[in-house]
Amino acid sequence: MSSELVNTAILARLSFYHLNVMVELYRRMGSATAIIEQRDELSQLFPGLPRRVYDDLRDIDGMRQRAEEELAYDEAHGIRVVCLNDDDYPKRLKQCPDAPLMLFYKGTANLDSRHVISIVGTRRNTRYGEDLIRHFVADLRVLCPDVLIVSGLAYGIDVLAHRNALANGMDTVAVLAQGLDTLYPPSHRDTANEMVRHGGLITEYMTHTKIEKLNFVRRNRITAGLCDATILVESAEKGGGLITTRIAREYHRDVFAFPGPVNAPASVGCNNLIRDCGAGLITSAEDFVNAMGWQDEQVLERARQDGIARDLFPSLTADEQKVVALLRQNNDLRSDTISTQLRLPIGATIALLLQLEMKGVVKAYAGGTYHLL
């Protein structure tokens with residue numbers, strides 16, 4: 001391994017405490033090696049640097065072995081190490097003033113894909129948010145198939161974005177808040193394994209990094225910086241998704257949000273963001289693609305002809321369409337309620353709901369309610 005790579009790994013560890021300062025030094029001096037070799041002269045070269053930066057740079061010998069061990073682990077486990085000066089460092093992220101000095105990446109996706117978006121939101125999503133992501137990603141695949149989807153592999157909106165991307169044959173990348181020797185949450189291991197083959201996992205953290213709250217906040221800047229646009233699906237009044245959208249705006253990237261029911265706890269953040277002009281309002285993939293200027297008119301016209309808006313279900317019987325129309329007006333109804341409102345026998349209603357479930361139009365949930373997909 002090269003001395004520059006080892007030196008960059010050392011500075012990457014120091015940058016946890018001096019992120020912007022270390023990145024600025026790296027950009028101005030041209031390499032990690034130059035910083036370390038001239039560390040005794042930095043006080044003359046850059047008089048305004050914080051005293052602690054000088055002190056930490058003088059005491060780096062103890063970190064060299066740790067850096068070498070990390071890089072050996074990465075090489076042995078097929079982890080790609082990318083430094084800020086490298087040609088294959090993600091171009092969008094490189095533009096950010098607080099870009100990580102070093103990234104650890106395992107996957108197959110092109111991080112400089114033509115179109116890259118992040119989909120973020122609450123860990124406590126509702127069925128409404130689940131439906132939004134399912135339809136949005138499926139329609140986006142038709143309208144603009146060359147999109148890379150980025151999120152954080154957390155519970156809720158994040159993992160739904162990844163799983164729907166995979167289900168639609170789209171690459172998807174997760175930005176992690178720990179090293180690639182572990183995974184949080186561990187219950188998402190199967191999804192992560194599939195993403196390595198159809199997307200990837202990326203982090204700025206070395207192995208054996210403790211999972212701490214601040215790491216999740218810091219990783220949000222990478223989620224925003226990798227992308228052309230960030231989309232907020234559901235969010236409470238405060239949350240990590242709102243942090244990501246704020247950072248995206250600071251990076252002069254586009255931000256969009258799906259509106260939700262007034263005063264719905266999982267939509268307050270989205271509605272407030274739209275109200276305060278912090279995000280463009282979208283209700284569909286078509287809205288988003290048009291706003292970004294990514295539309296291909298021929299593709300869009302074919303999608304419309306194929307019924308991308310799902311306004312009609314031509315394969316449904318007349319009675320099935322009545323059930324769909326009722327659930328559109330008031331979703332999540334019990335079978336007996338549907339039977340009463342449509343004036344159909346309960347046996348016939350249950351048979352209709354079963355047919356609709358088999359066609360993928362409705363889904364039965366605990367408590368006997370039926371949800372229109």
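As a basis for the values below, the full set of heavy atoms in this structure was taken, side chains included, without hydrogen atoms, waters or symmetry mates.
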* Interatomic distance, Thr223 atom OG1 to Ile119 atom CD1 [nearest 0.5 angstrom] -> 12.0 Å
* Asked: Any ion pair linking Asp228 and Arg253 (charged N to carboxylate O, less than 4.0 Å)?
  -> no
* To do: Any chance you could lay out the side-chain contact (heavy atoms from CB on, under 4.5 Å) test for Glu4 and Thr8, step after step, and finish with the verdict?
  => CA-CA 6 Å; Glu4 172 63 16; Thr8 306; 3.3 Å; yes
* Taking all non-hydrogen atoms of both residues into account, name the closest pair between Asp139 and Ala285 and its distance. => CB-CB, 3.7 Å
* Do Thr207 and Asp181 have a side chain donor and acceptor closer than 3.5 Å? -> no
* **Donor-acceptor contact present, side-chain Glu234 to main-chain Thr126, <3.5 Å** => yes
* To do: Go through Tyr251 and Asp98 one step at a time and tell me if the side-chain hydrogen bond (donor to acceptor under 3.5 Å, both in side chains) criterion holds.
  => CA-CA 10 Å; Tyr251 291 162; Asp98 52 359; 2.5 Å; yes
* Asked: Where do Val23 and Ala99 come nearest, in terms of heavy atoms and distance?
  -> CG2-O, 3.2 Å
* Check: Asn7/Arg64 side-chain N/O donor and acceptor closer than 3.5 Å -> yes
* **Under 3.5 Å donor-acceptor, Glu357 side chain and Leu354 backbone** => no
* Structure fact -> Value for CZ (Arg39) from CG (Leu11), rounded to nearest 0.5 Å, stands at 10.0 Å
* **Polar contact flag, side-chain donor to acceptor under 3.5 angstrom, Gln178-Thr203** => no
* To do: State whether the number of non-hydrogen atoms from other residues, nucleotides or ligands found under 6.0 Å of Glu41 atom CD is greater than 12.
  => yes
* Please say whether more than 12 non-hydrogen atoms of neighbouring residues, nucleotides or ligands are located less than 6.0 Å from CZ in Arg189. => yes
* To do: Treat each ILVMFWY residue as a node, draw an edge where side-chain heavy atoms are under 4.5 Å apart, and state whether Phe288 and Ile274 are in one component.
  => no
* Side chains of Ser267 and Asn271: do they bring a donor and an acceptor to under 3.5 Å? -> no
* Kindly indicate whether the side chain of Ile231, heavy atoms from C-beta on, has any atom under 4.5 Å from the side chain of Ile282. => yes
* **Side-chain H-bond candidate by donor/acceptor type, Arg334 with Thr369, under 3.5 Å** => no
* Is there a donor-acceptor pair closer than 3.5 Å between any side-chain N or O of Asp158 and the backbone N or O of Gly152? -> yes
* Asked: With distance as the sole criterion, is a donor-acceptor pair present between the side chains of Thr191 and His162 under 3.5 Å?
  -> no
* Taking atom CD of Glu250 as the centre, does the number of heavy atoms from other residues, nucleotides or ligands within less than 6.0 Å exceed 12? -> yes
* To do: Using a cut-off of 6.0 Å, state whether more than 12 heavy atoms not belonging to Asn20 lie near its atom CG.
  => yes
* **Heavy-atom pair with the smallest gap, counting every atom of Ser15 and Leu101** => CB-CD1, 4.3 Å
* To do: Side-chain contact test, heavy atoms from C-beta onward, threshold under 4.5 Å: evaluate it for Ser335 versus Tyr370 and give yes or no.
  => yes
* Asked: In Å and rounded to the nearest 0.5 Å, what is the CD to OG1 distance from Glu194 to Thr172?
  -> 10.0 Å
* Assess the side chains of His371 and Asp332: does a donor N or O sit below 3.5 Å from an acceptor N or O? => yes
* How would you list all residue pairs meeting ring-ring contact (aromatic ring centres under 6.0 Å, His included) that involve residues 111-132, not counting sequence neighbours? -> His115-Trp294
* Can you check whether Asp86's main-chain N or O pairs, donor with acceptor, with Lys94's side chain at less than 3.5 Å? -> yes
* To do: First locate atom CG of Leu93, then atom SG of Cys227, and finally report the distance between them rounded to the nearest 0.5 Å.
  => 9.5 Å
* Could you state whether Tyr155 and Val120 fall into the same hydrophobic cluster, counting links through intermediate Ile, Leu, Val, Met, Phe, Trp or Tyr residues with side-chain heavy atoms under 4.5 angstrom apart? => no
* **Distance-minimising heavy-atom pair for Cys144 and Val289** => CB-CG2, 4.3 Å
* **Joint cluster assignment, Val255 & Ile117, ILVMFWY side-chain distance < 4.5 Å** => no
* **Cluster link Leu232 to Val137, ILVMFWY, side chain under 4.5 Å** => no
* Evaluate the side-chain contact (heavy atoms from CB on, under 4.5 Å) criterion for residues Val324 and Arg328: first the C-alpha distance (whole Å), next the side-chain angles of each, then the deciding distance (0.1 Å), finally the verdict. => CA-CA 6 Å; Val324 168; Arg328 276 179 173 165; 4.1 Å; yes
* **Within 6.0 angstrom of Arg275 CZ, more than 12 heavy atoms from elsewhere** => yes
* To do: Determine the minimum heavy-atom distance between Cys83 and Leu5, stating which atoms define it.
  => SG-CD1, 3.5 Å
* Asked: Does atom CZ of Arg66 have more than 12 heavy-atom neighbours from other groups under 6.0 Å away?
  -> yes
* salt_bridge(Asp74, Arg80) N-O dist < 4.0 Å -> no
* Distance in Å, Asp171 CG paired with Arg197 CZ, rounded so as to fall on 0.5 Å steps -> 12.5 Å
* To do: For the pair Arg13 and Glu70, find out whether any cationic side-chain nitrogen is under 4.0 Å from an anionic carboxylate oxygen.
  => no
* Decide yes or no for Glu320 and Thr317: does some side-chain heavy atom of the first lie under 4.5 Å from some side-chain heavy atom of the second? => yes
* To do: Mark yes or no for whether Asn168, through its side chain, and Asn164, through its backbone, hold a donor-acceptor pair below 3.5 Å.
  => yes
* To do: Tell me whether Leu273 is reachable from Phe258 by hopping between hydrophobic residues (I, L, V, M, F, W, Y) whose side-chain heavy atoms are closer than 4.5 Å.
  => no
* To do: Scan residues 79-113 for pairs that pass ring-ring contact (aromatic ring centres under 6.0 Å, His included), counting only residues two or more places apart or in two chains.
  => none
* So do the side chains of Val233 and Cys270 get within less than 4.5 Å of each other, counting heavy atoms only? -> no
* Ion pair Arg221/Glu204, N-O distance below 4.0 Å -> yes
* Indicate whether the side chain of Ser118 and that of Thr230 have a donor and an acceptor atom separated by less than 3.5 Å. => yes
* To do: Check step by step if side-chain contact (heavy atoms from CB on, under 4.5 Å) holds for Leu57 and Gln38.
  => CA-CA 10 Å; Leu57 282 169; Gln38 300 180 59; over 6 Å; no
* Have a look at Gln341 and tell me which of Thr337, Ile338, Leu344 forms a side-chain contact (heavy atoms from CB on, under 4.5 Å) with it. => Thr337
* Flag the pair Arg28 / Phe46 as yes when at least one side-chain heavy-atom distance between them is below 4.5 Å, and no otherwise. => yes
* To do: Would you name the heavy atoms of Leu111 and Val116 that are closest together and state the gap between them?
  => O-CG2, 4.3 Å
* OH/Tyr205 to CG/Asn215 distance, rounded to the nearest 0.5 angstrom? -> 3.5 Å
* Asked: Got Leu14 and Asp56 here, is their nearest side-chain heavy-atom distance under 4.5 Å?
  -> yes
* Asked: Under a 4.0 Å N-O cut-off, is there an ion pair linking Asp131 with Arg127?
  -> no
